[in-house]
2 protein chains.
Amino acid sequence: MAFYSSVSAAALEQLNLPLYERIRINIQTRLVEQGWDPAQAIPTEQMLAQEYQVSIGTIRKAIERLVQEGLLYKAQGRGTFIRQPDFKDSLLRFFRYRDQEGKQTIPTGVVKSIKKVAPIKTINNHLKLADHMELIQLRRLRLVGSNVVLSEQIWLPESKFAPLLRFAPHEFGNLLYPFYYQHCGQFILSAKETLSFTSEQEDEDLNAHQGDLLVNIERIAYNLENQPVEYRVSLGQPENFKYELRIT
Amino acid sequence: MAFYSSVSAAALEQLNLPLYERIRINIQTRLVEQGWDPAQAIPTEQMLAQEYQVSIGTIRKAIERLVQEGLLYKAQGRGTFIRQPDFKDSLLRFFRYRDQEGKQTIPTGVVKSIKKVAPIKTINNHLKLADHMELIQLRRLRLVGSNVVLSEQIWLPESKFAPLLRFAPHEFGNLLYPFYYQHCGQFILSAKETLSFTSEQEDEDLNAHQGDLLVNIERIAYNLENQPVEYRVSLGQPENFKYELRIT
DNA sequence: AAGTGGTCTAGACCACTTA
DNA sequence: AAGTGGTCTAGACCACTTG
């Protein structure tokens with residue numbers, strides 16, 4: 001039983017939850033605590049069944065929810081792996097613009113500036129930071145060709161993301177989240193997005209003046225431990241925005 | 001085995017699918033074909049296991065997906081029931097307006113007119129109707145107090161919804177889908193929605209002129225057999241629209 | 001008290017992947 | 001060939017709802 005981590009021994013015994021739920025929590029905790037390699041399989045169902053001294057069906061039930069939530073995926077014959085989230089349902093994906101040939105294109109991201117800034121009360125609240133905690137602020141544009149289709153501001157807790165300050169804007173690639181993971185060990189697993197409208201914002205990159213109506217997408221992104229670690233505001237022109245979903 | 005409907009005997013034998021999937025399809029078909037009472041439980045897991053001559057675990061696996069998709073829900077100790085969909089994720093739900101006391105309110109629906117109209121090519125396409133099939137058109141407003149917050153146009157296939165033409169606009173209640181089911185036997189199970197923007201539309205109910213930017217929400221709603229049976233366009237002022245979602 | 005779905009077991013065999 | 005997850009069985013007992 002030395003296998004159980006400190007946190008989980010309590011979780012496994014105390015809570016009035018089904019066995020498979022307690023095991024699910026335990027597995028999730030282990031994955032988060034011990035760090036992990038997205039390329040390497042987690043222990044097999046057989047091994048987990050032995051380790052936890054339960055039947056394999058119970059292990060499968062425990063893992064089922066982790067798969068549904070997107071933390072894991074299964075590959076028959078290979079194993080069960082940590083999943084790289086792709087955010088394919090993000091509202092930002094629905095800003096599609098046509099290039100010269102009329103083809104739909106996903107904008108590329110370019111960081112324009114990065115700096116350390118003083119705490120901002122509302123943003124510290126969003127990130128569940130104490131009032132005195134400093135922030136890192138990025139300005140970033142999303143481009144199709146040379147057209148600016150989205151103008152972004154991003155705030156991160158300085159405590160977790162200080163290593164980013166060593167880089168110049170041009171050293172950031174197209175994608176930010178792999179960069180976060182590589183240099184700060186912060187793995188973004190999920191996010192909450194809000195779509196609304198504003199006519200209060202001015203934005204020279206978007207060529208928008210006070211009074212012009214813009215689409216305003218706020219995102220709070222969460223790491224593996226479900227802590228909010230990024231607050232982002234993206235502004236865009238509404239004309240070419242188109243969002244689809246299926247409901248029941 | 002007289003229990004199996006005509007459709008399903010084939011489905012159960014022929015397809016190269018897991019047993020629980022073939023049973024799932026069979027159960028789904030039965031629910032759709034035989035009509036049903038949302039207040040009455042479907043056969044118990046024990047009964048289904050006996051009827052299909054499989055173990056109860058297989059029945060549970062078959063029903064699991066129907067529950068996930070929203071067709072059924074389970075109530076421990078009572079049984080498994082057909083679910084009334086609530087469309088709680090609908091984009092339209094995110095038009096929230098404050099009343100005099102500043103409270104958030106969901107708009108009520110009022111039908112302004114209903115009439116039979118000639119085929120409309122794009123709409124017949126959306127509804128997968130032959131070009132010559134006639135339509136029923138409704139105008140409907142969504143109100144908070146006396147403020148118009150959404151202006152809707154709705155098209156239905158005349159072939160399925162003719163009974164609605166007997167009613168005057170004021171006889172339609174706040175909710176349309178129960179009305180469809182009651183009078184036309186069409187049960188709306190799911191829908192696809194698209195959010196975009198238009199400045200092409202004029203709308204006197206919304207007090208919007210050519211050139212004003214409006215939120216445009218299109219919905220195609222599907223019945224139990226997954227046929228598209230309603231096409232709806234809702235227009236609203238963007239100011240108070242706010243939409244949230246969680247992504248991974 | 002009777003009946004429902006919820007949890008859990010201890011296997012068996014199959015389908016697929018990798019070496 | 002060996003190892004993975006996928007399917008399926010035939011039960012047992014528990015938690016909850018209803019008469």
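As a basis for the values below, the full set of heavy atoms in this structure was taken, side chains included, without hydrogen atoms, waters or symmetry mates. Residue numbers start from 1 in every chain, and the chains themselves are labelled A, B, ... in the order their sequence lines are given, proteins ahead of strands. Only a predicted model underlies this, so the values are computations on that prediction, with no experimental measurement involved.
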(request) Kindly point out which of dC16(C), dG5(C), dT7(C) is positioned nearest to the side chain of Gln76(A)? (result) dC16(C)
(message) Would you say Tyr20(B) places a side-chain N or O within less than 4.0 Å of OP1 or OP2 belonging to dC8(D)?
(response) no
(request) Give a yes/no answer on whether the side chain of Thr44(A) brings an N or O atom under 4.0 Å of OP1 or OP2 in dG3(D). (result) no
(message) Any base atoms under 4.0 Å from Ala41(B), or only sugar-phosphate, or nothing? Heavy atoms, all strands.
(response) nothing
(request) Report the nucleotide, chosen from dT7(C), dT9(C), dC8(D), that has the shortest atom-to-atom distance to any side-chain atom of Lys61(A). (result) dT7(C)
(message) Return the pairing partner of dC16(C) with a 3.5 Å limit on both distances, Watson-Crick or G-U wobble; otherwise return none.
(response) dG3(D)
(message) Within the structure provided, determine whether Arg140(A) and Arg232(A) are in side-chain contact (heavy-atom separation under 4.5 Å).
(response) yes
(message) How many whole angstroms separate atom CD of Gln40(A) from atom C1' of dT4(D)?
(response) 15 Å
(message) Can you work out whether Gly77(A) or Ser55(A) has the more 5'-proximal nearest nucleotide on DNA chain C?
(response) Ser55(A)
(message) Which is more 5' along DNA chain C, the nucleotide nearest Ala75(B) or the one nearest Ala75(A)? Just name the residue.
(response) Ala75(B)
(message) Please pick, from dT7(C), dT9(D), dT17(C), the nucleotide with the shortest atom-to-atom distance to any side-chain atom of Arg78(A).
(response) dT17(C)
(message) Counting only side-chain heavy atoms from C-beta out, which of dG5(D), dT7(C), dT17(C) sits nearest to Arg60(A)?
(response) dG5(D)
(message) So if I take every side-chain heavy atom of Val54(B) and compare against dT9(D), dT4(C), dT7(D), which nucleotide ends up nearest?
(response) dT9(D)
(message) I need the CD1-P distance between Ile59(B) and dG6(C), as an integer number of Å.
(response) 14 Å
(message) Using the side-chain heavy atoms of Leu19(B), tell me which of these nucleotides is nearest: dC8(D), dT17(C), dG5(D).
(response) dC8(D)
(message) Which nucleotide wins on minimum distance to the side chain of Pro18(A), given the candidates dT18(D), dA10(D), dC8(C)?
(response) dC8(C)
(message) Around atom CD of Gln50(B), are there more than 12 heavy atoms from other residues, nucleotides or ligands closer than 6.0 Å?
(response) no
(message) Starting the side chain at C-beta, find the nucleotide from dG5(C), dT7(D), dC16(C) nearest to Glu45(B).
(response) dG5(C)
(request) State the pairing partner of dA10(C); accept Watson-Crick or G-U wobble contacts with both distances under 3.5 Å, and report none otherwise. (result) dT9(D)
(request) Check for a donor-acceptor pair, side chain of Asn223(A) on one end and backbone N or O of Phe187(A) on the other, with a separation under 3.5 Å. (result) no
(request) Take atom CD1 of Ile42(B) and atom C1' of dT4(C), then tell me their distance rounded to the nearest Å. (result) 12 Å
(request) Using whole Å, report how far CZ of Arg24(A) lies from C1' of dT7(C). (result) 16 Å
(request) Starting from P on dC8(D), measure out to CD on Gln53(B) and report it in whole angstrom. (result) 15 Å
(message) Measure CD1/Ile56(A) against P/dG3(D) and give the value in whole Å, please.
(response) 15 Å
(message) Between Lys74(B) and Glu45(B) (salt bridge meaning N to carboxylate O under 4.0 Å), is one present in this structure?
(response) yes
(message) Nearest to the side chain of Lys74(B), heavy atoms from C-beta on, is which of dG5(C), dC8(D), dT9(D)?
(response) dG5(C)
(message) Strictly below 4.0 Å: does Thr58(B) bring a side-chain N or O up to OP1 or OP2 of dT9(D)?
(response) yes
(message) How many whole angstroms separate atom CD of Gln50(A) from atom P of dG11(C)?
(response) 12 Å
(request) Give a yes/no on whether any side-chain N or O of Thr80(A) is located under 4.0 angstrom from OP1 or OP2 of dG5(D). (result) yes
(message) Expressed as a whole number of angstroms, how long is the span from Gln46(B):CD to dA2(C):P?
(response) 16 Å
(message) Treating Glu21(A) as the side-chain partner and Pro18(A) as the backbone partner, does any N or O pair qualify as donor plus acceptor under 3.5 Å?
(response) no
(request) Apply the ring-ring contact (aromatic ring centres under 6.0 Å, His included) test between Tyr180(B) and each candidate in Phe161(B), Phe167(B), Phe172(B); give the one that qualifies. (result) Phe161(B)
